[in-house]
S.K.: 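Got a structure here, written out as structure tokens. Questions coming.
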Number of protein chains: 2
Amino acid sequence: MAGNGRDRVDIPEVNGQAMLSAHEALAVVLQIRAGELCVLLWRRALPPCEGEWALPGGRLGTEEDLGASIRRQLAQKVDVRDLSHLEQLETRSEPGRDPQRRTLATAYLGLVPAHIDPVVPDDTGWHPTVDLPAIAFDHASIVRSGRRRLRSKLSYTNVGFALAPPEFTMSELSGYYRAALGHDVAATNLRRVLLRRGQIEETGHSVPSGRSGGRPAALFRFRAREMEVTDAFAVLRPPGQA
Amino acid sequence: MAGNGRDRVDIPEVNGQAMLSAHEALAVVLQIRAGELCVLLWRRALPPCEGEWALPGGRLGTEEDLGASIRRQLAQKVDVRDLSHLEQLETRSEPGRDPQRRTLATAYLGLVPAHIDPVVPDDTGWHPTVDLPAIAFDHASIVRSGRRRLRSKLSYTNVGFALAPPEFTMSELSGYYRAALGHDVAATNLRRVLLRRGQIEETGHSVPSGRSGGRPAALFRFRAREMEVTDAFAVLRPPGQA
DNA sequence: CAGGTTTGTGCCTGCCAGACAAAAACCTGG
DNA sequence: CCAGGTTTTTGTCTGGCAGGCACAAACCTG
């Protein structure tokens, strides 16, 4: 416990190489498809876990950071331009998580708006997050972690913009929220909440409402296309801001 | 973009070793000291950045995960049993963040309750987060990131337990909140909010209030010593839970 | 016991979100 | 063209929560 200023040499290291480890970037790419929140999975072609479903991603390159790496690797699965949002999730480091070699993985959360249907390779597909197939490594728990992050952020940020197309009716939007949150969301309340928060605004246009008539729906858009935090839920505000 | 099932081999790698990188765990350890939110910094004894202040931490060992690693390394700075909370913050991976070699760093947020004064080595000290000294690498921005995380979580979780001693008066507690949040927090409101949320409860004891008389203050304690999320701010609740 | 100090309680206001009902706007079929 | 059905929009009501403030309670000192 005495500080001799040379603490770093105390760290166990078998040899110079033993301190090095493989590092990969993974992505939980989520999209609302047919009213369900789906995740992009890739069928592994190489061992370990050959043939099993896994999150897209792979080794970090020598001259890129993790964000650039996952964008590059996702480009092999979906058009990167389709990603409306990307944020770091967490880093998994359990020594046994990859049975073959020590591998650290930094997971990202990526979102694709609902109106896009990206071209994906044959070995890649979308799977509803309720009712996931068997998934390799610890990737299933990473998917749940990503879904949890999305669900919380839908409450206190404007991430909704990343799930919705540029213009949408309130019925459509409440459908996206319902799919992502896993429970009903009343369009009328959602409208008032998001309007008051200044997250969405009317475009002025409207569309005839569906098959069986009904009042035409007004079109809305998100005012920002970057994530912003709603302060409405910053309790314990500074005084004078009740 | 065609899926040939062998995507991983596309990843640039100079040679087998180039894909490997050094990985370290860092910790932003925060504590309220003398009414100020302080961070634990360590004066580096080795290059690069010899003699500069930096976050405590170091290389990941071969058989430990990041959480175990940062706990082990913090044991050289503060008694690990003093840590009331520890959570992963984020992973930094910019290629140039360490001028000497490619190093990834996963930062953790650690908290020490206010009543403890851990023994720290000579090369280690507490610094107010307002008015930080010059700090090596990207560690200054990591400190700000940790402080931001603490501030948000004080609003929608019970992390307060990790800043406060086992028993405290409301005046003391509002002092901790004020120091952490950076603005005044009225003890009377804090009391009502935390009581309603069920985060704190009265112990039944009380202490005579300070030097110049005054009504004796009731003692409170946090009901839980693990982090729990307040649902009071889950907007967009499931229906039937207004 | 009077005055000062600190803590605790009660009340008020304002804001926000969920539920519900009524109005508006449109379509289809007779 | 009108009646009935459908969907969206608007408005109202209610309940909960948080911040501000005033007053009461409890204690100390001189």
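Letters A, B, ... are given to chains in the order of the sequence lines, protein chains preceding strands, and every chain is numbered from 1. The figures here come from the full heavy-atom set of this structure, side chains too, leaving out hydrogens, waters and symmetry mates.
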S.K.: Do His115(B) and Ile32(B) come close enough that some side-chain heavy atom pair is under 4.5 Å?
M.R.: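 SC-SC contact between His115(B) and Ile32(B) ruled out.
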S.K.: Kindly indicate, with the supporting measurements, whether the criterion salt bridge (charged side-chain N to carboxylate O under 4.0 Å, His left out) is fulfilled by Glu90(A) and Arg149(A).
M.R.: CA-CA 11 Å; Glu90(A) 60 185 333; Arg149(A) 173 80 62 99; over 6 Å; no
S.K.: Expressed in angstrom and rounded to an integer, what is the separation of Leu194(B) atom CG from dA18(D) atom P?
M.R.: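 Distance, rounded to whole Å: 9 Å.
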S.K.: Using five base pairs at each end, measure the axis-to-axis angle across the helix from dC1(C)-dG30(D) to dG30(C)-dC1(D) and round it to 10 degrees.
M.R.: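 The value is 10°.
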S.K.: Parallel under 30°, tilted from 30 to 60°, perpendicular over 60°: which one fits the rings of Phe161(B) and Phe222(B)?
M.R.: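 Perpendicular.
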S.K.: Could you tell me how far apart Arg196(B) (CZ) and dT9(C) (P) are, to the nearest whole angstrom?
M.R.: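 Atom CZ in Arg196(B) sits about 15 Å away from atom P in dT9(C).
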S.K.: Rounded to whole angstrom units, what separation is found between the CZ atom of Arg191(A) and the P atom of dG11(D)?
M.R.: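 To the nearest whole Å, that distance equals 10 Å.
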S.K.: Under the rule for salt bridge (charged side-chain N to carboxylate O under 4.0 Å, His left out), what residues qualify as partners of Glu167(A), not counting sequence neighbours?
M.R.: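 Salt bridge (charged side-chain N to carboxylate O under 4.0 Å, His left out) list for Glu167(A), sorted by chain: empty.
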S.K.: Residues from residues 214-224 of chain A sitting under 4.0 Å of DNA chain C, heavy atoms only?
M.R.: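 Gly214(A), Arg215(A), Pro216(A) - these, ordered by number, are the residues of the stretch whose heavy atoms sit under 4.0 Å from the strand.
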S.K.: Kindly compute the distance separating CD (Glu172(A)) from CG (Leu163(A)), expressed to the nearest 0.5 Å.
M.R.: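 Those atoms lie 13.5 Å apart.
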S.K.: Given that Thr188(B) and Asn189(A) both sit by DNA chain C, which one's nearest nucleotide is further toward the 5' end?
M.R.: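 Here Thr188(B) is the residue nearer the 5' end.
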S.K.: State whether the side chain of Thr203(B) and the backbone N or O of Leu219(B) hold a donor-acceptor pair below 3.5 Å, judged by distance alone.
M.R.: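 Indeed, once roles are kept as given, a pair shorter than 3.5 Å links the two residues.
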S.K.: Verify, without hydrogens or angle tests, whether Gln88(A) (side chain) and Thr91(B) (backbone) share a donor-acceptor contact under 3.5 angstrom.
M.R.: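 Such a contact is found between Gln88(A) side chain and Thr91(B) backbone.
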S.K.: May I have the distance from Met170(A) (atom CE) to dT9(D) (atom C1'), rounded to whole angstrom?
M.R.: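 Atom CE in Met170(A) sits about 11 Å away from atom C1' in dT9(D).
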S.K.: Within a 6.0 Å radius of atom CZ on Arg192(A), are there more than 12 heavy atoms belonging to other residues, nucleotides or ligands?
M.R.: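 Counting neighbours around CZ of Arg192(A), more than 12 heavy atoms of other residues, nucleotides or ligands fall under 6.0 Å, so yes.
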S.K.: Leu173(B) has an atom CG; how far is it from atom C1' of dT7(C), in whole Å?
M.R.: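 Distance check: Leu173(B) CG to dT7(C) C1' gives 14 Å.
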S.K.: Choose from dT7(C), dA17(C), dT7(D) the nucleotide whose nearest atom is closest to any side-chain atom of Ser171(A).
M.R.: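 Of the candidates, dT7(D) comes closest.
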S.K.: Rounded to whole angstrom units, what separation is found between the CD atom of Glu202(A) and the C1' atom of dT9(D)?
M.R.: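 From Glu202(A) CD to dT9(D) C1': 10 Å.
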S.K.: Starting at atom CZ of Arg192(B), determine the distance to atom C1' of dC21(D), rounded to an integer number of angstrom.
M.R.: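 Value for this atom pair: 11 Å.
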S.K.: Just the rounded figure in Å: distance from P of dG8(C) to CZ of Phe168(B).
M.R.: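 So the CZ-P distance, Phe168(B) to dG8(C), works out to 12 Å.
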S.K.: Between Arg43(B) and Asp122(B), is there a side-chain N and carboxylate O pair less than 4.0 Å apart?
M.R.: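 Not counted as a salt bridge, because no side-chain N and carboxylate O are separated by less than 4.0 Å.
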